[in-house]
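Worksheet for the structure shown next.
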Amino acid sequence: MQLSKTLISWYLVNKRELPWRNTQNPYFIWLSEIILQQTQIKQGLPYYEAFVSQYPTVFHLAKAPEEAVLKLWQGLGYYSRARNLHATAKYIAFHLNGQFPENYKELLKLKGVGDYTASAIASFCFNEVAAVLDGNVFRVLARYYGIHTPINSTEGKKTFKALVSDLIDKKNPADFNQAIMEFGALQCTPNKPDCPTCPLASSCYAHRKNEINQLPVKTKARKPAIKFFNFLVYISDVNTTILEKREQKGIWQNLYQFPLIETPKAINKHELLNYIANAQDIQEVSLFNANPIVHKLSHQHLYTKFWIIKTNKLPQPTVPFADLEKYAVPIVIKNFMDAYNFEVEI
DNA sequence: AAAGCGGGGTC
DNA sequence: GACCCAGCTTT
């Protein structure tokens, strides 16, 4: 049997029930695909439910302030997805009269929509023969056909895209795309794939050659940079603190944080005071976490200290403790806020 | 072509 | 620790 037929048959028996699988509404499909970029379904599902509940149509999302969208996205990471999501919602609502583009080529023009997402929406919503190429597809095809070209190389992307475009079921592109991804997620998993029950095992290159753990090939990532973050948690005598918006490009753009001092290495209290301009107004400084919190991102390891700074003079504007939860903040700050428990100060 | 961008999970 | 996840954008 053809590979596509086998995958679709497997899919119809083994597929999970997921909310975006019961609709062809492009708003819901688009929303789910943006959320699921570089994100496992288990992690993204609660966010999808929250967005659908809060913003049932593209018009609701378009009318929301960006700050509210980022707040709902808080904790999911890759925040450019949320900013692009909101910008695209506004574009579709106010310039396209709420009508999504209906083919791959036009979908590709939307902010935050690349080859994968355009193919997914085009096939799931409009039955266009556009093959998806994601981490699951790379893995399944690399193993089954024994392709050793690195999947994160330009040549690899081209090779695999051509292959999957040839394999896709031209009569049923939507189910094929769903099938090959679900197969990769549930059967041909990165670790310990379930070869004993696999319908493709008898003709699988990696299974035959015992190369399951060597495929797919991926060139090594660079080691993450080490950084030292000192967050200044000001505590005023009227129960307010300071938050700043990260306006510059880079991580956490448009999210909020306590005033940040980044240093070339770890510093102590004495060294910290040399970095603070109005140190004469400070009454007391203490370190919240004796050991730095190591916040690990894909490309950076942040050695983070939260300094509690009590003062009776704070520059404006200040944030009442009770309002802190309204701001979208990086998860490392959210965790601190929960642990510090500002309420005891009130 | 390579770098940058999060956070959670597995082994 | 290394690697992975329904990738995209910028340099």
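Note that these values count all heavy atoms, side chains included, but never hydrogens, waters or copies made by symmetry. Proteins come first, then strands; the chains are lettered A, B, ... in the order of their sequence lines, and each starts at number 1. Just so we're clear, the structure is a prediction, and the values are computed from it rather than from any experiment.
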May I ask you to decide if the ring planes of A:Trp73 and A:Phe51 are parallel, tilted or perpendicular, using 30° and 60° as cut-offs? perpendicular
Considering just the side-chain nitrogens and oxygens of A:Asn136, establish if one lies under 4.0 Å of OP1 or OP2 belonging to C:dA6. yes
Any side-chain heavy-atom pair from A:His295 and A:Ile331 closer than 4.5 angstrom? yes
What nucleic acid atoms does A:Val132 come within less than 4.0 Å of, heavy atoms only: base, sugar-phosphate, or nothing? nothing
Nearest heavy atom decides the nucleotide; on that basis, is A:Gly250 or A:Ser153 closer to the 5' end of DNA chain B? A:Ser153
Pick out the pairs of N or O atoms, protein on one side and nucleotides 1-4 of chain C on the other, that lie under 3.5 Å.
| residue | atom | partner | partner atom | Å |
| --- | --- | --- | --- | --- |
| C:dC3 | OP1 | A:Lys220 | NZ | 2.4 |

Please classify the nucleic acid contact of A:Gly184 as base, sugar-phosphate, or nothing, using heavy-atom distances under 4.0 Å. nothing
Heavy-atom nearest nucleotide on DNA chain B for A:Pro330 versus A:Glu155: which residue maps closer to 5'? A:Glu155
Compare side-chain N and O positions of A:Gln300 against OP1 and OP2 of B:dC5 and report whether any pair is under 4.0 Å apart. yes
Presence of salt bridge, A:Glu106 and A:Lys109, under 4.0 angstrom: yes
Between the base of C:dA6 and the side chain of A:Arg16, is there any donor-acceptor pair under 3.5 Å? no
Would you give the length of the straight line joining atom CD of A:Glu182 to atom CZ of A:Arg16, rounded to the nearest 0.5 angstrom? 4.0 Å
Pick one: which of A:Ile242, A:Ile235, A:Val319, A:Asp237 meets side chain to side chain contact (heavy atoms under 4.5 Å, CB included) with A:Leu314? A:Ile242
Would you call A:Lys157-A:Asp115 a salt bridge at under 4.0 Å N-O? no
B:dG6 phosphate, OP1 or OP2: any side-chain N/O from A:His299 under 4.0 angstrom? no
Within the structure shown, what part of the strands sits under 4.0 Å from A:Ile34 by heavy-atom distance: base, sugar-phosphate, or nothing? nothing
Would you call the rings of A:Tyr340 and A:Phe336 parallel, tilted or perpendicular, taking 30° and 60° as the class edges? parallel
Can you check the A:Asn152 CG to B:dA2 C1' distance for me, whole Å? 10 Å
Is there a donor and acceptor pair, one atom on the side chain of A:Gln43 and one on the base of B:dG7, closer than 3.5 Å? yes
